[in-house]
Engineer: 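Got a structure for you, questions after.
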Number of protein chains: 2
Amino acid sequence: MIIEKLFSNFDNYLPLNSAEKQDLAGRVIQRKIKRKQFILQENDICKHYTFVAEGCFKKFQVDDKGTEHNLQFAAEGDWLMEIVSFYLEKPSRVYIEAIEPSVIFQISKPDLYHLYDSNPKFDRNFRVIIENRLVETENRVLQAISSTAEERYLAFIKQYPHLLSRLPNTQIASYLGITPEFLSKVRKDLLKK
Amino acid sequence: MIIEKLFSNFDNYLPLNSAEKQDLAGRVIQRKIKRKQFILQENDICKHYTFVAEGCFKKFQVDDKGTEHNLQFAAEGDWLMEIVSFYLEKPSRVYIEAIEPSVIFQISKPDLYHLYDSNPKFDRNFRVIIENRLVETENRVLQAISSTAEERYLAFIKQYPHLLSRLPNTQIASYLGITPEFLSKVRKDLLKK
DNA sequence: CCTTACTCTTAATCTACCTTAAGGGTATTT
DNA sequence: AAATACCCTTAAGGTAGATTAAGAGTAAGG
């Protein structure tokens, strides 16, 4: 069963016993998402915290010129949401779009809070998930302010080897904050070395 | 009493009653820190979550060339720590240094976990503090990959007006990911407009 | 109060990265 | 199977921001 992927995600933190698994299963919704389908659009309220069981998503913001900037990729085993919109119920500033056919599990805020209240293990687990996300994001800030595009590309390859073959270079360039043309040059220069 | 500043920080989230205040007060250590004093150095384990009651700190990383890169400023009312080092007890990659004479309250991990266990309100409050930090950090990533130095400087002024007059431009430049010389040029160009 | 250590600015030169444009290639969709 | 949309690369010219150096101004600490 595909929901096992959700359960086993918690093995990275405090693993769930069968009662807790049942508790969780009763509060998530399973959805099949097509390629290019959005699960969140700008100005919508983000109603769910999403776990990716299969496939891959991108979370991005669009600037005044219409250019997309990728903030996060989420593949099997990753969680994602628009944190401001979810917690403060403000209109989302970002889009979340499937870049592959995907299967996800979504939990609403009331259901999440119910889990928090019912069992401190969920509290702890979700705290750690968010902390991990903060670590990743801080690392990215550091790289952005201190590394060249080539260094950032090499770091990306190292950190997300499973994504490299699944993403077009245009998407990676958008994540790294450079143009696809310049990424092409960076890759060429790396081959020469 | 200066510890009131710590208590009233929680008024932004779920305010504490007097029993909870006492609980918290019994678990934090108050310290006076001099300008240029470090409360965390590279390779040390980050043992405390720090609340700044007075003064200001910078959290930064040093690269191979010896250049400092500022990841965060924390003034009155802000929390800071090295999250990986604190939770995973790994050697810190960053330094935390006072840039003004300061007064802080520190809580150790055992004490923090005790608060979490004793009362879910602390759980909730610290979750929100971390979520807010994540929001700030994600905004910074977006700016780094999509904005010019001038735009980032303007955003900094807007978001941290209370810090502007207290920080030398060299520190702001390090935060923005540019050289002090270029910040000087940006400021000059802005005056012309 | 004096000294020493920072800090800010300017300007010239240099480099990383962007923009525009164009051609060929590879998936997706019909 | 054809059509269409998307993707990758190359190259020329342009701009944002780095580097180096130097002089003047300001703050910190003894």
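Here is how names work: the chains are called A, B, and so on, in the same order as the sequence lines, proteins then strands, and each is numbered from 1.
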Engineer: Mind jotting down which residue pairs meet the salt bridge (Lys or Arg N to Asp or Glu O under 4.0 Å) criterion with at least one end in residues 23-34 of chain B? Sequence neighbours excluded, please.
Structural biologist: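 Applying salt bridge (Lys or Arg N to Asp or Glu O under 4.0 Å) to every pair that reaches into residues 23-34 of chain B, excluding sequence neighbours, yields B:Arg27-B:Asp111.
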Engineer: Could you tell me how far apart A:Ile145 (CD1) and D:dA16 (P) are, to the nearest whole angstrom?
Structural biologist: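 About 21 Å, once rounded to whole Å.
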Engineer: Looking at A:Arg187, does any N or O in its side chain come under 4.0 Å of the phosphate oxygens OP1/OP2 on D:dT10?
Structural biologist: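 For D:dT10, OP1/OP2 do not have a side-chain N/O of A:Arg187 under 4.0 Å.
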Engineer: Using atom OH of B:Tyr153 as one end and atom C1' of D:dA16 as the other, report the distance to the nearest whole Å.
Structural biologist: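 Atom OH in B:Tyr153 sits about 18 Å away from atom C1' in D:dA16.
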Engineer: What pairs meet the salt bridge (Lys or Arg N to Asp or Glu O under 4.0 Å) rule with one or both residues in residues 7-22 of chain B, with sequence neighbours excluded?
Structural biologist: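 For residues 7-22 of chain B, and leaving out neighbouring residues, the salt bridge (Lys or Arg N to Asp or Glu O under 4.0 Å) pairs sorted by first residue read B:Glu20-B:Lys121.
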Engineer: Detail all sub-3.5 Å separations between protein N/O atoms and N/O atoms belonging to nucleotides 25-30 of chain C.
Structural biologist:
none

Engineer: If the condition is side chain to side chain donor-acceptor pair (under 3.5 Å), which residues does B:Glu131 pass it with, not counting sequence neighbours?
Structural biologist: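 Residues passing side chain to side chain donor-acceptor pair (under 3.5 Å) with B:Glu131: A:Tyr87.
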Engineer: What pairs with B:Glu97 under side chain to side chain donor-acceptor pair (under 3.5 Å), at least two apart in sequence or on another chain?
Structural biologist: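 Once residues adjacent in sequence are excluded, B:Glu97 has no partner under the side chain to side chain donor-acceptor pair (under 3.5 Å) criterion.
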Engineer: Taking salt bridge (Lys or Arg N to Asp or Glu O under 4.0 Å) as the test, write out the residues that go with A:Glu89, two or more places apart.
Structural biologist: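 Result, salt bridge (Lys or Arg N to Asp or Glu O under 4.0 Å) vs A:Glu89: A:Lys109.
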Engineer: Expressed in angstrom and rounded to an integer, what is the separation of B:Leu183 atom CG from D:dT19 atom C1'?
Structural biologist: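 In whole Å, D:dT19 C1' and B:Leu183 CG are 16 Å from each other.
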Engineer: Between B:Tyr116 and B:Tyr113, is the gap from one ring center to the other below 6.0 Å?
Structural biologist: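 Centroid distance B:Tyr116-B:Tyr113: below 6.0 Å, so yes.
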Engineer: Strictly by ring-ring contact (aromatic ring centres under 6.0 Å, His included), give each pair with a member in residues 130-152 of chain A just once, sequence neighbours left out.
Structural biologist: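 Residue pairs with at least one partner in residues 130-152 of chain A: there are none.
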Engineer: Could you check whether any side-chain heavy atom of B:Ser174 comes within less than 4.5 Å of a side-chain heavy atom of B:Phe60, counting everything from C-beta outward?
Structural biologist: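 Not in contact.
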Engineer: In whole angstroms, how far is the C1' atom of C:dC8 from the NZ atom of B:Lys188?
Structural biologist: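 One finds 12 Å between C1' of C:dC8 and NZ of B:Lys188, rounded.
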Engineer: So, using salt bridge (Lys or Arg N to Asp or Glu O under 4.0 Å) as the criterion, who are the partners of A:Glu82 when residues are at least two apart?
Structural biologist: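 Once residues adjacent in sequence are excluded, the partners of A:Glu82 under the salt bridge (Lys or Arg N to Asp or Glu O under 4.0 Å) criterion are A:Arg93.
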Engineer: Which of these nucleotides, D:dG17, D:dT10, C:dT10, is closest to any side-chain atom of B:Ser184?
Structural biologist: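 Per side-chain heavy atoms of B:Ser184, the pick is C:dT10.
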Engineer: How many Å lie between CZ on B:Phe182 and C1' on C:dC17, as a whole number?
Structural biologist: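 Rounded to whole Å, this separation is 13 Å.
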Engineer: Give each stem of DNA chain D as a range with a range, requiring at least 3 consecutive Watson-Crick or G-U wobble pairs whose two distances are under 3.5 Å.
Structural biologist: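 Consecutive-pair runs (3 or more) involving DNA chain D: C:1-22 with D:9-30, C:25-30 with D:1-6.
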Engineer: List the residues meeting side chain to side chain donor-acceptor pair (under 3.5 Å) with A:Glu42, not counting sequence neighbours, and say none if there are none.
Structural biologist: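 A:Glu42 satisfies side chain to side chain donor-acceptor pair (under 3.5 Å) with A:Tyr95 once adjacent residues are dropped.
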Engineer: Quick one: side chain to side chain donor-acceptor pair (under 3.5 Å) partners of A:Lys58, sequence neighbours excluded?
Structural biologist: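 Partners of A:Lys58 by the side chain to side chain donor-acceptor pair (under 3.5 Å) criterion, ordered by chain and then number, come out as A:Glu68, A:Gln171.
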Engineer: Which residues, if any, of residues 154-180 of chain A bring a heavy atom under 4.0 Å of DNA chain D?
Structural biologist: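 Within this stretch, A:Pro168, A:Asn169, A:Thr170 sit under 4.0 Å of the strand.
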Engineer: How long is the line joining NE2 of B:His69 and C1' of D:dA18, in whole Å?
Structural biologist: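 The distance from NE2 of B:His69 to C1' of D:dA18 comes to 13 Å, rounded to the nearest Å.
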Engineer: Please give, in whole Å, the distance from C:dT13 P to B:Glu181 CD?
Structural biologist: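 In whole Å, C:dT13 P lies 17 Å from B:Glu181 CD.
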Engineer: Tell me the interatomic distance from A:Gln143, atom CD, to C:dA16, atom C1', rounded to whole angstroms.
Structural biologist: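 Going from CD in A:Gln143 over to C1' in C:dA16 covers 17 Å.
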Engineer: Would you kindly compare B:Thr148 and A:Lys185 by the position of their nearest DNA chain D nucleotide and give the one closer to the 5′ end?
Structural biologist: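 So the residue in question is A:Lys185.
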